[in-house]
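Please read the structure below before turning to the comments.
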Protein chains: 2
Amino acid sequence: MKKKFQNIVDIIGGMIESGDLKRGERLPPERTLAQSYKVSRNTVREAIKTLAEKKVLITILGSGNFVAESGVELLRESLNNTLEKKKHRLNDIFELRKILEPQIASLAAQRIRPETLDLLTATLAQQEEALMQDKSTRKLDEQFHRTLAKATGNTILFHVYEKLQDIFSESRAEDFQIPERKQVSLSIHKDILGAIRDGDSIRAARKMKLHMDQIRKIMEKQMPKTINPGRKKTKGA
Amino acid sequence: MKKKFQNIVDIIGGMIESGDLKRGERLPPERTLAQSYKVSRNTVREAIKTLAEKKVLITILGSGNFVAESGVELLRESLNNTLEKKKHRLNDIFELRKILEPQIASLAAQRIRPETLDLLTATLAQQEEALMQDKSTRKLDEQFHRTLAKATGNTILFHVYEKLQDIFSESRAEDFQIPERKQVSLSIHKDILGAIRDGDSIRAARKMKLHMDQIRKIMEKQMPKTINPGRKKTKGA
DNA sequence: TATTGTTATTGGTAGGACCAATTAAAATTT
DNA sequence: AAATTTTAATTGGTCCTACCAATAACAATA
């Protein structure tokens with residue numbers, strides 16, 4: 001049974017998308033909407049609340065509900081929705097990680113604090129132990145990268161990265177955790193940590209880039225059907 | 001006047017954060033909550049809806065409202081909330097842009113399509129015109145970078161970038177749009193577009209990096225009080 | 001003309017009632 | 001006694017009416 005207010009959300013959303021309601025425009029009052037669509041005012045309010053939560057509508061007490069300036073775009077481009085729908089695009093995610101991760105390693109090498117360094121060391125030890133016992137290293141792997149992102153001291157970067165990790169880890173089933181990858185990951189993690197410990201940001205970035213290429217290669221082996229085949233390439237990096 | 005349901009949101013949120021409500025646990029029924037906090041059931045439902053929209057709670061008809069598995073984390077780490085609270089951290093944003101933008105330019109140079117190239121050319125023409133007439137070039141500047149991000153063909157990257165642009169543009173008041181910056185921006189935009197037109201991803205990335213350094217320098221001049229002073233640096237990039 | 005006061009409109013909250021899905025308990029059957 | 005069916009209680013979903021508070025539009029006044 002579909003919830004009723006969702007219908008109203010779709011209707012209002014459709015009107016915005018089709019252009020019947022333009023940016024900044026005021027919606028009919030809640031009572032009118034309720035009467036128009038033969039639902040209670042509560043239902044209308046729930047629908048409006050849903051859209052307001054997505055920042056598609058803006059509610060002003062005593063004045064009315066308005067289409068947000070960026071309402072049209074947000075409707076189909078809101079980060080949460082879009083990212084979830086695109087979560088299967090592993091290639092895109094890897095490409096983005098390949099951009100972010102080496103720089104994260106670089107920044108971490110410049111700014112990491114001793115206690116964080118100890119945490120990373122401990123994490124790798126756990127990872128090694130898990131590898132011996134043939135346990136899953138997924139969470140430990142995530143923790144390693146997550147800690148690095150935090151060690152950059154850039155909270156924006158950290159939270160963007162966290163969001164991406166969420167999506168990435170959803171797409172990264174346990175299937176991919178073949179022994180080969182585990183071994184390779186642990187090995188290069190040690191290299192990266194070593195570089196960071198030395199404060200060598202260049203080497204840290206280079207090792208991380210290598211890491212990205214490795215796991216990508218392994219995943220491609222696991223997943224024969226290429227998702228994003230042959231874009232045109234010219235010169236350059 | 002603060003809205004009443006927001007109080008209930010804070011109360012429930014607080015209970016989750018403090019551990020009184022653990023992951024997966026069921027909330028008291030709506031009627032009970034309403035009575036407990038001396039508000040109407042409507043208000044409670046609005047509060048619950050707000051949290052459900054953030055995926056902190058999950059409502060199951062006939063069963064109850066439950067704390068989502070990742071509810072605790074989402075409560076204080078949801079991208080929207082966190083990023084908005086940190087929007088003042090211009091340094092962090094610039095640092096992230098400096099990571100992303102050059103790579104975006106690089107990818108765009110590899111994959112851009114002719115019609116997008118035309119669009120960018122037109123955008124720069126508009127920007128030049130606006131500069132002549134001493135009008136604001138902010139939106140055109142945003143459009144240039146936004147189009148580049150889209151031209152990468154990486155939808156994840158595009159949407160992440162868009163979200164960051166939202167925050168960035170909020171933090172970037174009209175004050176910063178001094179003539180010097182406008183002129184410098186336009187000039188380097190031309191350089192970048194030229195490199196992209198040639199398909200030279202390396203040059204595009206280098207020019208973009210230069211661009212980032214330039215606008216950052218200009219903004220620092222405008223804003224004497226440094227936000228993120230002197231982190232320790234060692235060797236490397 | 002400008003200011004003030006009134007009124008109508010709008011979203012916010014309250015409290016009631018009933019429906020539908022779910023769960024728990026009781027009755028029934030095996 | 002165990003398994004199944006039936007019944008009752010609980011819970012979220014929707015609807016309704018009423019009233020409050022903020023806002024905007026208008027009228028009255030200086």
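Sequence lines set the chain letters: A, B, ... in the order given, protein chains first and strands last, and positions in each chain run from 1. Atoms considered below: every heavy atom in the structure, side chains included; atoms not considered: hydrogens, waters and symmetry mates.
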B/V67 to B/K22 - nearest heavy-atom pair and separation: CB-O, 3.5 Å
query: When the distance from CG of B/L57 to P of D/dT11 is rounded to whole Å, what number comes out?
result: 16 Å
message: Nearest whole Å is fine: how far is C/dG15 C1' from B/Q35 CD?
response: 12 Å
task: Quick one, give me the B/S/- string for nucleotides 15-20 of chain D, reading 5' to 3', where B means a protein heavy atom under 4.0 Å from the base and S means that only happens at the primed atoms, P, OP1 or OP2.
output: BB-BB-
Side-chain N or O of A/N65 closer than 4.0 Å to phosphate OP1/OP2 of C/dG11: yes
- prompt: Starting at CG of B/N7 and ending at C1' of C/dT13, how long is that distance when rounded to a whole Å?
  reply: 12 Å
field: B/F144: ring-ring contact (aromatic ring centres under 6.0 Å, His included) partners, not counting sequence neighbours
entry: B/H189
field: Heavy-atom check, side chain of A/L140 versus side chain of A/Q143, under 4.5 Å
entry: yes
task: Would you please confirm or rule out a distance under 4.0 Å between OP1 or OP2 of D/dG13 and any side-chain N or O of B/T59?
output: yes
- prompt: Roughly how many Å is it from CD1 in B/I60 to P in C/dT23, rounded to a whole number?
  reply: 8 Å
- request: Sequence neighbours left out, what passes salt bridge (charged side-chain N to carboxylate O under 4.0 Å, His left out) with A/E25? Give chain and number order.
  value: none
Nucleotide C/dG15, atom P - distance to CZ of B/F5 in whole Å: 18 Å
- prompt: Can you list the residues that meet the side chain to side chain contact (heavy atoms under 4.5 Å, CB included) rule with B/F66, with sequence neighbours excluded?
  reply: B/R26, B/I60, B/S63
- line: Sorted by chain and number, sequence neighbours left out, side chain to side chain contact (heavy atoms under 4.5 Å, CB included) with A/E115 holds for A/R113
- request: Check every strand shown and say whether A/I48 touches a base, only sugar-phosphate, or nothing at a heavy-atom separation below 4.0 Å.
  value: nothing
Counterpart residues, side chain to side chain donor-acceptor pair (under 3.5 Å), relative to A/E30 (two or more places apart): A/R41, A/R45
- request: For B/R26 and for A/E46, find the nucleotide of DNA chain D with the closest heavy atom, then tell me which residue's nucleotide is more 5'.
  value: B/R26
message: Output the rounded distance in Å from CG (B/L61) to P (C/dT23).
response: 11 Å
- request: Name the residue closer to the 5' end of DNA chain D, choosing between A/Q6 and A/G62 according to the nucleotide with the nearest heavy atom.
  value: A/Q6
query: Is there a side-chain polar atom (N or O) of B/R45 under 4.0 Å from OP1 or OP2 of D/dG13?
result: yes
statement: From CD of B/E30 across to P of C/dG16 the rounded distance in Å is 16 Å
